[in-house]
A.B. asks: 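The structure follows.
Given the structure is predicted, the values throughout are model-derived calculations rather than measurements. Below, read A as the first sequence line, B as the second, and so on, with proteins coming before strands; counting in each chain starts at 1.
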There are 2 protein chains.
Amino acid sequence: MTTGLQDFLEDIQRVENFEEFQDATVKLRDLLGIAHVVYHWVNSVGERFGAGTYSSEWVDRYLEKDYLRMDPVIFGCFQRFTPVSWKQLDWSSKAAKAFYRDAMDYGVGNQGYTIPIRGPNGQFALFTLNDNTTDDAWDQLIARNERDLVVVAHEFNKKALSFDAQNEVQVGPSLSPREASAITHLAKGLSRSQAAVEMGISEHTLRVYIESARHKLGAMNTTHAVARALSMGLIIV
Amino acid sequence: MTTGLQDFLEDIQRVENFEEFQDATVKLRDLLGIAHVVYHWVNSVGERFGAGTYSSEWVDRYLEKDYLRMDPVIFGCFQRFTPVSWKQLDWSSKAAKAFYRDAMDYGVGNQGYTIPIRGPNGQFALFTLNDNTTDDAWDQLIARNERDLVVVAHEFNKKALSFDAQNEVQVGPSLSPREASAITHLAKGLSRSQAAVEMGISEHTLRVYIESARHKLGAMNTTHAVARALSMGLIIV
DNA sequence: TTTACCCTCCCCAGAAATAGCGAGGCAGGG
DNA sequence: CCCTGCCTCGCTATTTCTGGGGAGGGTAAA
């Protein structure tokens, strides 16, 4: 560790509740001398959890306007493994530009760096640093802390997951091999009859797998089941 | 960084092909003075990519016996976010015990530490350290390198992903807001009629969006379209 | 201004999926 | 040994989707 982040890691590990978690984001912000530090996650059921230094006005507006569905940071990170500087993202669409302007108006800085983190059952979280500064200054800050930040982001996520585990006793469903196979074929676009041929079983049997998978996944129909299996990482197309 | 892993990180970043990737695992093994270092990724469909210091006999046997389906390391890591020591896993089932004995016979050490890593589109990889030593010695080694190893694991995965990306020339399609919205509702489990109500339009209109999205995505049916939109990261449920 | 894409609405017939019931065999863990 | 979970197959009626065909108006870029 080349900066003071080493000590900060110890702090995170002592976090025991949401308030302390929130405090940790503030502390990290001050430590780095930047405008904002934010952690939030989106899970496959649509629940959300977040902490950070954005103003509550901005958070409310973000939710109200459903910016989640047009935020280039979300989209960019969703398709990527590596952290991204916001500059690298595609802000060309009209919606994205409007969103960007709106964010600035609510005190979000022009420079951002977001680390995507993925957990079990399709959990997807983002850890973001934000500031108002020049490209050069920002790049230097990132370059200096790049590796440590990955570790910090993971520690934040670990904590967030541990909070969540208290509430949810469930470990997420799992599919039997045949169920997974059936759902996978459907996700590839095969009809039930085609999938049955592919698997060498009767369509009736295949249907039982789909039904069974549907129930395990708590899905209302086949399409929903496929969507859930995909976002929980139970199948891969 | 508290160990020599700092320099090693530079090495990984210079890796340009599979041979160098493989060499990097060997180098890390020697650096840490342990028996094995292995990176591999799992793709529940069966595709795999891997590099490491396990003997080819063991790798072959692993595949031949389909150990992927009963390996407690795979299972454990799949449900977890944090790295695990193999000791913490559940080795109580008959199949797991047989697998463990077999692994020992093929030169795998009794101590293991595996870091799960998840990427876009349900990518799931494992980075494993392995050695033959006492519990105490192993715990100390891990404690000393815990954080650095997370970074190292991520660098390995980044490289592996970049090799894979060379093969795929993807310039995905994009959906119009209404199309994306329609597909998102279907992915949430709504029927066409429900989704139409939700969007405040007629079911006929909704159908046009779905059709249009289907064509853009090159999908054979609605389920396929939803699956593609999800795995391309075009929608978020 | 033209072109292109987006949003909205309509009809119909055939294909496919769904919900609800059933049955039996086989393996593993407690 | 029993129980649970998995794999396999069957029937029927109802609902939903799919694949064609239309039409008109809006906005934005070329």
Side-chain angles (χ1 to χ4, degrees), chain A residues 69-70 92-98 171-227 229 234, chain B residues 66 69-70 72 75 90-99 173-228 234:
Chain A
R69 311 232 165 262
M70 62 188 87
S92 62
S93 86
K94 211 165 53 170
K97 278 174 185 153
V171 194
S174 68
L175 299 180
S176 78
R178 298 299 265 176
E179 286 161 356
S181 176
I183 297 290
T184 303
H185 281 114
L186 296 182
K188 281 182 187 158
L190 301 188
S191 70
R192 293 203 305 199
S193 57
Q194 289 173 317
V197 171
E198 199 68 25
M199 291 175 67
I201 57 178
S202 78
E203 189 180 335
H204 303 284
T205 303
L206 182 100
R207 221 184 53 191
V208 176
Y209 294 143
I210 300 172
E211 292 281 294
S212 156
R214 273 234 320 272
H215 285 126
K216 283 186 180 175
L217 295 164
M220 324 181 72
N221 53 47
T222 302
T223 300
H224 194 196
V226 168
L234 297 174
Chain B
D66 205 18
R69 308 237 167 255
M70 62 188 86
F75 266 35
D90 176 21
W91 296 90
S92 61
S93 86
K94 212 161 53 174
K97 279 173 185 154
F99 165 68
S174 70
L175 299 180
S176 79
R178 297 300 264 175
E179 285 161 356
S181 179
I183 297 291
T184 303
H185 281 114
L186 297 182
K188 281 181 186 159
L190 301 186
S191 69
R192 292 204 305 200
S193 56
Q194 289 173 319
V197 171
E198 198 69 26
M199 292 175 65
I201 55 177
S202 78
E203 187 179 335
H204 304 284
T205 304
L206 183 100
R207 222 184 53 191
V208 176
Y209 295 144
I210 301 172
E211 293 281 294
S212 159
R214 273 234 322 272
H215 286 126
K216 281 186 181 175
L217 295 164
M220 323 182 75
N221 53 47
T222 302
T223 300
H224 193 196
V226 168
R228 298 202 67 155
L234 296 175

A.B. asks: Is there a donor-acceptor pair closer than 3.5 Å between any side-chain N or O of A:His185 and the backbone N or O of A:Leu190?
C.D. replies: no
A.B. asks: B:Lys216 has a side chain; which of C:dC6, D:dT18, C:dT8 sits nearest to it?
C.D. replies: C:dC6
A.B. asks: Measure from the side-chain heavy atoms of A:Arg178 and tell me the nearest of D:dC7, C:dA16, D:dT12.
C.D. replies: D:dC7
A.B. asks: A:Arg192 or A:Val208: which one's nearest nucleotide on DNA chain C is closer to the 5' end?
C.D. replies: A:Arg192
A.B. asks: How close or far is atom C1' of C:dT18 from atom NE2 of A:His224, stated in whole angstroms?
C.D. replies: 16 Å
A.B. asks: Go through D:dC6, C:dA16, D:dG10 for me and flag the one nearest to the A:Ser202 side chain.
C.D. replies: D:dG10
A.B. asks: Once you round it to whole Å, what is the distance between P of D:dT16 and CG of B:Leu190?
C.D. replies: 13 Å
A.B. asks: State which residue, out of A:Leu186, A:Leu217, A:Asn221, fulfils the side chain to side chain contact (heavy atoms under 4.5 Å, CB included) condition with A:Val226.
C.D. replies: A:Leu186
A.B. asks: Please compare A:Glu179 and B:Ser193 by the position of their nearest nucleotide in DNA chain D and report the one closer to 5'.
C.D. replies: A:Glu179
A.B. asks: Between A:Met220 (CE) and C:dT18 (C1'), how many Å, whole number?
C.D. replies: 13 Å
A.B. asks: At a cut-off of 3.5 Å, list every protein nitrogen or oxygen paired with a nitrogen or oxygen from nucleotides 25-30 of chain C, distance to 0.1 Å.
C.D. replies:
none

A.B. asks: Hey, are B:Ser193 and B:Glu203 close enough side-chain-wise for a donor-acceptor pair under 3.5 Å?
C.D. replies: no
A.B. asks: Is the side chain of B:Glu198 donor-acceptor paired with the backbone N or O of B:Ala195 at a distance under 3.5 Å, no angle test?
C.D. replies: no
A.B. asks: Can a side chain N or O of B:Ser176 be found less than 4.0 Å away from OP1 or OP2 on C:dC5?
C.D. replies: no
A.B. asks: In whole angstrom, what separates A:Glu211's CD from D:dC9's P?
C.D. replies: 16 Å
A.B. asks: Which nucleotide, C:dT18, C:dC10, D:dT8, lies nearest any side-chain atom of B:His204?
C.D. replies: C:dC10
A.B. asks: Students often get this wrong, so: under 4.0 angstrom with heavy atoms, is B:Thr222 touching a base, only sugar-phosphate, or nothing?
C.D. replies: sugar-phosphate
A.B. asks: What is the separation between atom CG on A:Asn221 and atom P on D:dT16, rounded to the nearest whole Å?
C.D. replies: 11 Å
A.B. asks: OP1 or OP2 of D:dC6 sitting under 4.0 Å from any side-chain N/O of A:Ser212?
C.D. replies: no
A.B. asks: Are A:Thr223 and B:Thr223 linked by a side-chain donor-acceptor pair shorter than 3.5 Å?
C.D. replies: yes
A.B. asks: Tell me whether the count of non-hydrogen atoms from other residues, nucleotides or ligands lying under 6.0 Å of CE in A:Met220 goes above 12.
C.D. replies: no
A.B. asks: What is the distance, to the nearest angstrom, from the NE2 atom on A:His215 to the P atom on C:dA19?
C.D. replies: 7 Å
A.B. asks: So, B:Ser181 and B:Thr184: side-chain donor and acceptor under 3.5 Å apart, yes or no?
C.D. replies: no
A.B. asks: Rounded off to whole Å, could you give me the CD1-to-C1' distance for the B:Ile210 and C:dC6 pair?
C.D. replies: 16 Å
A.B. asks: Rounded to the nearest angstrom, tell me the gap between atom CG in B:Leu206 and atom P in C:dC10.
C.D. replies: 13 Å
A.B. asks: Assuming nearest nucleotide by heavy-atom distance, tell me which of A:Glu203 and B:Thr205 is located more 5' along DNA chain C.
C.D. replies: B:Thr205
A.B. asks: Look at the side chain of B:Arg207 and decide which nucleotide, out of C:dA16, D:dG20, C:dT18, has an atom nearest to it.
C.D. replies: D:dG20
A.B. asks: With no hydrogens and no angle check, is any side-chain donor or acceptor of B:Glu179 less than 3.5 Å from a backbone partner on B:Ser176?
C.D. replies: yes
